[in-house]
Structures are given as C-alpha cells and as structure tokens.
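A short write-up of the structure that comes next.
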2 protein chains.
Amino acid sequence: MTATTDQDAALRIAAGRKPFVEPLRLGERLKEIRLAHQWTLEDVSQRTGLARSTLSKIENDQISPTFTAVQKLINGLGIDLPQLLSPPRVQPRSMGRRDLTRRGEGQRHPTPTYEHELLSCELAQKRMIPFKTIVRARAFDEFSEWVRHDGEEFLMVLDGEILLYTEYYEPLALASGDSIYFDSAMGHALVSVSDADAVVLSVCTRGESST
Amino acid sequence: MTATTDQDAALRIAAGRKPFVEPLRLGERLKEIRLAHQWTLEDVSQRTGLARSTLSKIENDQISPTFTAVQKLINGLGIDLPQLLSPPRVQPRSMGRRDLTRRGEGQRHPTPTYEHELLSCELAQKRMIPFKTIVRARAFDEFSEWVRHDGEEFLMVLDGEILLYTEYYEPLALASGDSIYFDSAMGHALVSVSDADAVVLSVCTRGESST
DNA sequence: AAACCTCGTTTCCTATAGTGAACAGCGCAT
DNA sequence: ATGCGCTGTTCACTATAGGAAACGAGGTTT
C-alpha cells in the first residue's frame, strides 16, 4: 500500500532496464520512405512544410526533430507513427520463413508490472505476436490503467496462478494449464497470486493497417 | 510560411489524403500517466533525466518536446510510444468477448500422429486458433504427407522434447520452453523424442481471405 | 566547355526547447 | 505564527532545432 514500496520497486526496475528503444534509426527510416517513393527532399519539404535543410539534417541524424516536426512528417507523408518507427526489415516473401527462440532467449522488455520476453522478434511482418510474461504485479492497483490494444489475445498460464482482471467481467482465477481467449481491446490486467511470480504465455493478433 | 502551409494542405487534398492528424494531446496524456502512478514531477525527472521544468512545460503544452526527450520519456516511464499517444481508444466493434478453457477441458481431437485439444472453441469468429497437442508420432515416416495450411503458426514446447521436420529446413530439436514461429504453408511435422510423449502449444492464424 | 538545372549538404541566423534557480502555494511539525 | 519540506510554475540563460540562402557535386543543354 505504501506508495514508496511500489515506487522503489518501479525505480529499481526502471534503473535496471536496458535501453531497448535507443537506436531508433529515425533518420535512416525517413530516407528509406522518401527514396521508396522516389521523392526528393524538396518534394518532402512541400508535403510536410519543413525546410529541405531540416529534412537533410534529420536524415543524417544531425538533429533530433521536435515532436511538431514529427507530426508534420507523418501528416505530409501520409503515414502513421508506428510505420515511421517500425524497423525497415520487410520481407514480402511469406513462405518458408521461420524464427526459433530457445527457452529464455527472447528479447526482454520489462515494465513495472510485467516482465515480457518477446518470443519471435527476428521475424517482421508476422500476424501474431507471441511473448512470455512474468507477472510481477501483486495487486490490481499497481496498474495505472487498463492494458488495452486492438485485436485479440490468447493466454495460457504456464506456471503459478494469476487473477485476470477484465473491464467487463469479474476477476477470474487462472491456474497453470488454464487458458483464455479474449478481445484485447477490452481492458485487462494480470496479477500473480501464487507464491512465486506467475508465468504466462500470450499471443496477440497484430492489427492489419488499412492503407 | 503560411504559403507553404496552404500549399501543403492543397497538396494533401489533391492527393486524397486525410486532413490533419489528431491534435495529439501529448502533455495531457503525460500528466494522466504521471498522476495515475502518483508520481511527482521530480520522480519523473529522476526516471527520465529531464528537468522538472521541462516536464511541467510539456504537460502544459508550452513546448513541443524533442524526439530525444520523447525517447527519454518512454524509456523512463517504462511504456511504449503507442501507449503514450493513444489515450482514450474506445471500443470500435466486437469486443468484450472471452472464452475460458480450464486445463484439460478443451475439445479433444485425436489423429494417428497427434492428439489435439482445441482450446477456445466456444468462440467463433476468432483470428487465432490455439490448441494443445500431445505428439504421439515417434518417427517421421508415420506421416503420410506434410502437414500444411495457410497462414502462420506459433508453437511452444510445454513438455518433453520434439523434432520439428520442415519442408525447407533440416529437422530442428526443440526442448521444453523453446518456441518457434513459421509459415505454416511450409510443410511441417512433429515427432516426440523424449521418453514421454511431448506436449506442445500451438497457435495458428486463421485465413483472412475468406468472404 | 561554359551556362544552366536539380539535388543534397552546409552555413549562418532566429526561434525555441531544455536547464537550473528562484518563486509561490500548500501541508506539517515544531 | 514561524520555519521546514515538498509541490508545481516561472524566470533567465544556454543549447539546439528550424529556416533562408549559399555552396558544391552531377547531369543536361547550348
């Protein structure tokens, strides 16, 4: 209950986190998009209202654009932000791909309440997002708000026992081996109730963008 | 300046693009998150490395943060960018469905080589098909032909050890906790190699081109 | 080959984002 | 009350992003 405890825990987690966002080759990505459309800097300038020089500097990582600048970009280029940030690796070929993840070798992605391990992150352009999660949260009020995202989610408890809070239902106890499928636009949150932190496997659908 | 803006607008309209993107109340959103966690500006400052004053101004929309600042925010707060940008996100359509399956209570569906247990079969119209499988096969030649279906498949070994045969790759040994994601149009087949029959959890995508 | 073009980069200069310090407001303990 | 600690805001200054114009490298025309 004491906010300090939660705060301290969260701080520790935050401090130990790796910088998983930092590369963010925004300039590189912008250049890719521009060249893919065969646009010149002047074209993009006209579309976005940003100066040629500014665009050049952004592409060469000489400056870090303002958020308003980013908005002008996504506006003028007719793309959305995830598209601007998403890794460039595109593979139109959708036959025979595969992506192995050995136990514990996924890409870790900690948050104060969960410790995610993304499971097949080598593969872009996939329609499901699988990840294993250690549920660190112990009480519902550790969540500032509902977790919520488009699409559907399948979840199986691998270890321990959890309580699944959902926006429209009573909390549901799930033990090892139990599974559930739900619309993930409905707010949801997990807390561990077993002695050890529970481990769950989740698979989310990826929203198909309409462009 | 206004000339460029008008020109830009005209270009966008001519190109058939949507008008402006949402106002993007980033400051408001940040304040929501901060207060929801019961953090003070100082707390957030420590987490993100940004000055109190800067955070205050961002919250009150007095400045437009630099992209590096946004990165520090999402890093320090342990959230990702979509979460920072999409505050309200109300339910668009079918949502709130859920389908619970207790351990061992799925719909069984035996074959000579596999013993499937369909996991969330109450729910129609879902985009993923999850099922648990006991791999009875012990040798590859027990399969008359490749298993093959449209879409993609995610698979995690829950128990035992298997060999995954695929059309275009060498057989792959997978032990408990290992997982793999692959295009399921590529022929595939599982055999148990552990003493006990292995158990795997699979999730397949459902074909999207159905009318 | 010189005189354009057009593209991307670079050079100023200004506008503004980011910072530390000072400030005012509030609760709490002497 | 007075003082202390902590909050969020505002000020003054520095750092840096954004814009207009100059530059320099290729290409095309004469």
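Small disclaimer: the values here were computed from a predicted structure and weren't measured. Heavy atoms only: backbone and side chains are in, while hydrogens, waters and symmetry mates are out.
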I'd like a list of close polar pairs between nucleotides 10-16 of chain D and the protein, N/O only, cut-off under 3.5 Å.
unit_1	atom_1	unit_2	atom_2	d
D:dT10	OP2	B:Q62	NE2	3.3

Inset, instruction - Please tell me if the side chains of A:P110 and A:R136 come closer than 4.5 Å, counting only heavy atoms from C-beta onward. - result: yes
Round to a whole Å and report the spacing from [atom1] of [X] to [atom2] of [N].
X	N	atom1	atom2	result
A:L55	C:dT6	CG	P	19 Å
A:E42	C:dT9	CD	P	14 Å
A:R34	C:dC7	CZ	P	10 Å
B:D61	C:dT16	CG	P	15 Å
A:F67	C:dG18	CZ	C1'	17 Å
A:K31	C:dT9	NZ	C1'	10 Å
B:Q71	C:dA17	CD	P	18 Å

In short, B:R98 meets A:F182 closest at the heavy-atom pair CB-CB, 3.7 Å
How close do B:L41 and B:L55 get, heavy atom to heavy atom, and via which atoms?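 Reported closest heavy-atom pair: O-CD1, 3.6 Å.
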- Message: Check for me whether the distance between the ring centres of A:F154 and B:F131 falls short of 6.0 Å.
- Response: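 No, ring centres 6.0 Å or more apart.
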For the pair B:E32 and B:R29, find out whether any cationic side-chain nitrogen is under 4.0 Å from an anionic carboxylate oxygen. yes
ask   = Is any side-chain N of the basic residue among A:D178 and B:R103 closer than 4.0 Å to the acidic one's carboxylate O?
value = no
(message) Heavy atoms only, 4.0 Å cut-off, all strands: where does A:L50 land among base, sugar-phosphate and nothing?
(response) sugar-phosphate
Of the listed C:dT9, C:dT19, C:dC7, the closest approach to the A:T40 side chain comes from C:dC7
(message) Taking the axis from the first five pairs and the axis from the last five, what angle separates them in the helix from C:dG8-D:dC23 to C:dT30-D:dA1, rounded to 10 degrees?
(response)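 About 20°, once rounded to a multiple of 10°.
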* Asked: Between the main-chain N or O of A:T66 and the side-chain N or O of B:T66, is there a donor-acceptor pair closer than 3.5 Å?
  ->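 No, the answer is negative, given that no donor and acceptor are paired below the 3.5 Å cut-off.
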Next on the checklist: Is it the case that atom CD in B:E42 sees more than 12 heavy atoms from other parts of the structure closer than 6.0 Å?
Outcome noted: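 Enclosed: over 12 neighbouring heavy atoms sit under 6.0 Å from CD of B:E42.
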